[in-house]
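All of these numbers come straight from a predicted model, not from anything done at the bench. Atom set for the values below is all heavy atoms of this structure, side chains included, hydrogens, waters and symmetry mates excluded.
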Amino acid sequence: MAVEELQCIIKRCQILEEHDFKEEDFGLFQLAGQRCIDDGHVDQLLEIIQDEKNKTIIKSMGWNLVGPVVRCLLRNGEEDKREDCFLMFDLLVKLCNPKELLLGLLELIEEPSGKQISQTILLLLQPLQTVIQKLPNNKAYSVGLALSTLWSQLSLLPVPYSEEQTQTDDYGLCQCCKALIEFTRPFVEEVIDNKENKENEKLKDELLKFCFKSLKCPLLTAQFLEQSEEVGNDPFRCFACEIIGFLSQIGHPVPKIILNHGRKKRTWGYLELEEEEDKQLADCVASLTYLVFVHGIGIDQLPMVLSPAYLLQLNMEHIELFLQRTEQSIFSKGLELLENGLLRLEDNSLLYQYLEIKSFLAVPQGLVKVMTLCPIETLRKKGLAMLQLYINKLDSQGKYTLFRCLLNTSNHSGVEGFIIQNIKNQIDSSFKKTYNKWFAGPQLISLLDLVLFLPEGAETDLLQNSDRIMASLNLLRYLVIKDNENDNQTGLWTELGKIENNFLKPLHIGLNMSKAHYEAEIKNSQQNSQVASTCTSVCSVTVGGEEIPAMPPEMQLKVLHSALFTFDLIESVLARVEELIEIKTKSTSEENVGIK
């Protein structure tokens with residue numbers, strides 16, 4: 001029935017000129033063709049399309065059949081129709097109006113979701129390329145529209161985050177990236193062959209937009225295979241190499257993009273790279289920088305004369321951007337790029353003036369966030385290692401400036417303890433090697449004012465600040481042992497009264513208060529153990545104004561005893577510090593008396 005309907009429509013249209021076809025003819029043609037496919041008469045529909053007498057009708061109306069044919073090809077369980085459908089699809093691409101076909105194919109690409117996105121794209125890329133190449137004019141606009149549509153759909157696919165996921169490629173993103181390169185290549189070659197063509201300048205702009213979008217998605221989040229022998233089989237690395245190669249071929253090599261990024265508004269102003277253009281462009285250039293410096297793709301294009309410090313300065317803005325992101329796949333690249341830049345530098349060679357550049361202080365603060373907030377232990381440790389490496393590369397004044405900054409901004413006891421340990425290492429180096437004015441005398445005293453004090457006096461939460469307090473006491477113990485009162489190289493002995501008032505005495509009072517509070521809680525918990533056992537063996541205890549999460553009484557007692565152990569540890573070190581101060585001051589007094 002459907003075949004007869006279609007033949008009737010065709011017979012009526014055969015006697016008409018193309019411009020006499022009515023809108024209802026198009027609709028009836030599509031409906032009848034759709035029914036032919038649904039009813040299984042694909043072979044008869046193919047014969048109608050192949051009939052030379054129907055060439056004009058197919059050229060004008062045939063594009064309406066592309067959708068039904070493509071959907072038939074994408075459906076499972078219709079293998080018997082596939083060969084005829086492929087022949088029909090090829091004929092439609094060959095015979096139909098390319099402008100109408102282009103719009104029809106792009107609509108089909110926009111339709112699917114999930115895993116069908118890649119299936120549809122892989123099926124339609126080659127026909128889409130053929131259709132665009134047949135267009136008589138406005139090719140740049142058509143290429144841009146096609147690439148934008150393809151990229152929008154591909155950006156919906158999840159990017160594999162492990163080697164196993166990359167290899168299985170469940171959503172087909174890796175296959176699509178490879179196919180997309182082959183789709184784009186002829187248009188890049190066209191730009192190279194016709195450099196003076198004005199239309200090609202527009203085509204170049206469209207290709208540039210696509211390359212930049214590809215640097216953002218999927219390459220910004222893509223993970224690359226680590227094993228060197230598998231580099232050639234890494235689909236994302238291959239995709240990145242091709243994209244960077246395209247950029248160079250269309251007149252935007254790596255140096256031009258990376259070295260001109262600071263002048264982006266003048267260089268890229270004519271490109272409409274999505275909303276919030278600067279941010280979008282920053283993501284793209286950061287991704288490119290990572291690929292160039294960490295994976296060495298296109299690095300041979302950069303001048304060899306660039307100094308390590310200049311390269312680090314070039315990359316710090318991108319590292320800051322990476323570390324601001326919360327996605328592990330992105331901020332981990334910031335750690336890699338930072339490590340790459342720092343390892344090029346000699347220790348103590350990074351001048352303090354670099355810290356006047358915003359990103360040079362923002363990056364270590366970003367590392368602190370990774371160290372304290374990242375749920376993945378390996379990345380937290382990597383963040384800590386990078387902060388230590390960064391400290392090692394700074395000159396003395398740079399270290400001093402950074403220590404002050406992080407002590408004022410980190411708001412984390414563990415990080416502050418880490419910084420205080422670094423201060424101790426610098427003082428020790430000053431004693432053992434060359435005198436360092438930044439970690440001795442007035443400069444050091446100014447720094448110690450940030451270290452040897454309790455933020456809220458005796459009421460400071462000693463448990464929460466235990467890492468910082470222990471590091472501060474160990475530093476003070478070291479200074480008392482290392483620096484004699486008569487030498488007073490560090491200036492400690494001049495400031496001893498202030499240190500006792502601001503740190504040691506409040507710490508004594510705080511310890512007494514905290515121990516009394518926790519001992520009372522332990523006693524209270526033990527007295528109520530019988531009540532707790534009748535309440536499904538779970539109860540709660542309030543410590544320091546905050547309720548400990550519900551847990552069995554035995555566990556709560558263990559937590560409370562652990563807190564008391566921490567206080568005892570702090571108290572023992574405090575007692576040792578005060579004992580050393582007393583011994584040193586007494587010894588100095590006796591020496592002075594002996595001299596008199």
Side-chain angles (χ1 to χ4, degrees), residues 308-309 342-355 364 367 384-407 410 414-453 467-496 498-500 503-504 572-592 595:
L342 292 175
L343 288 176
R344 298 171 188 270
L345 293 166
E346 298 289 333
D347 285 356
N348 307 306
S349 66
L350 190 61
L351 301 176
Y352 73 91
Q353 288 94 335
Y354 281 99
L355 293 178
L367 292 174
L384 177 64
M386 288 306 98
L387 182 56
Q388 185 62 66
L389 186 61
Y390 187 60
I391 290 169
N392 294 345
K393 301 304 176 183
L394 288 165
D395 65 9
S396 294
Q397 189 171 347
K399 290 181 175 70
Y400 179 88
T401 304
L402 182 62
F403 293 159
R404 292 189 69 91
C405 172
L406 293 181
L407 285 172
S410 68
V415 174
E416 290 166 354
F418 169 77
I419 295 302
I420 292 166
Q421 177 60 43
N422 267 277
I423 293 172
K424 176 177 172 291
N425 293 342
Q426 293 305 311
I427 297 169
D428 187 59
S429 179
S430 179
F431 271 120
K432 291 179 179 177
K433 298 175 183 177
T434 308
Y435 175 79
N436 186 338
K437 71 172 186 177
W438 293 102
F439 295 94
Q443 300 291 355
L444 176 60
I445 291 302
S446 175
L447 193 57
L448 292 179
D449 286 343
L450 298 175
V451 174
L452 303 176
F453 87 108
D467 287 339
R468 175 201 172 102
I469 291 167
M470 284 297 295
S472 299
L473 285 171
N474 282 325
L475 172 59
L476 184 55
R477 178 174 59 180
Y478 167 83
L479 291 173
V480 171
I481 292 171
K482 201 73 177 174
D483 193 13
N484 294 318
E485 188 173 358
N486 285 336
D487 298 332
N488 198 21
Q489 291 182 43
T490 62
L492 167 75
W493 299 99
T494 308
E495 301 294 318
L496 189 58
K498 184 168 72 173
I499 293 169
E500 287 177 341
F503 184 54
L504 300 180
S572 68
V573 179
L574 174 60
R576 178 59 179 155
V577 167
E578 292 181 324
E579 181 186 359
L580 287 169
I581 290 173
E582 185 179 350
I583 291 170
K584 276 293 188 93
T585 51
K586 185 177 180 181
S587 172
T588 303
S589 298
E590 289 174 353
E591 285 179 16
N592 291 337
I595 291 171

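- A donor-acceptor contact shorter than 3.5 Å links the side chain of D395 to the backbone of Y352.
- Inspection of the Q426 and N422 side chains reveals no N or O donor paired with an N or O acceptor under 3.5 Å.
- Heavy-atom minimum distance, D483 versus W493: O-NE1, 2.8 Å.
- What you find for R404 and L447 is that their closest heavy atoms are CG-CD1, 3.5 Å.
- Among all heavy-atom pairs drawn from S410 and E416, the shortest one is OG-CG, 3.4 Å.
- Atom CG of residue D467 and atom OG of residue S472 lie 10.5 Å apart, to the nearest 0.5 angstrom.
- Rounding to the nearest 0.5 Å gives a distance of 11.5 Å between CG of L406 and CG of L450.
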Residue pair L479, L448: steps toward the side-chain contact (heavy atoms from CB on, under 4.5 Å) verdict: CA-CA 11 Å; L479 291 173; L448 292 179; 3.9 Å; yes
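- A 4.5 Å side-chain heavy-atom check between L492 and I499 finds at least one atom pair inside the cut-off.
- Contact annotation: the side chain of V573 never approaches that of R576 to less than 4.5 Å [non-hydrogen atoms, C-beta and beyond].
- Proximity of Y354 to L394: side-chain heavy atoms (C-beta onward) are nowhere separated by under 4.5 Å.
- Between F439 atom CZ and Q397 atom CD the span is 10.0 Å, to the nearest 0.5 Å.
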Could you go step by step and tell me if V451 and L476 meet the side-chain contact (heavy atoms from CB on, under 4.5 Å) rule? CA-CA 10 Å; V451 174; L476 184 55; over 6 Å; no
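- I420 contributes atom CD1, which lies 12.0 Å from atom CG of N425 (distance to the nearest 0.5 angstrom).
- When all heavy atoms are compared, the tightest approach of L452 to F503 is O-CB, 3.4 Å.
- Looking at heavy atoms from C-beta onward, W438 lies out of side-chain contact with K399 at the 4.5 angstrom threshold.
- Side-chain atoms of Y400 come within 3.5 Å of backbone N or O of Q443 as a donor-acceptor pair.
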The test is side chain to side chain donor-acceptor pair (under 3.5 Å); show your working for T494 and N488 and say whether it passes. CA-CA 8 Å; T494 308; N488 198 21; 2.7 Å; yes
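- In terms of heavy-atom proximity, P308 sits nearest to L345 at CB-CD2, 3.7 Å.
- For the atom pair CG (L496) and CG (L504), the distance works out to 7.5 Å, reported to the nearest 0.5 Å.
- Taking 4.5 Å as the limit, some side-chain heavy atom of Y390 sits within range of a side-chain heavy atom of L350.
- In this structure, K482 and D428 approach most closely via the heavy-atom pair CE-OD1, 4.3 Å.
- Between atom CD of residue E485 and atom NZ of residue K586 there is a gap of 14.5 Å, rounded to the nearest 0.5 Å.
- Residues Q388 and F418 have side chains in contact (heavy-atom distance under 4.5 Å, counting atoms from C-beta outward).
- Looking only at side-chain heavy atoms (C-beta outward), K393 and N348 stay at 4.5 Å or farther from each other.
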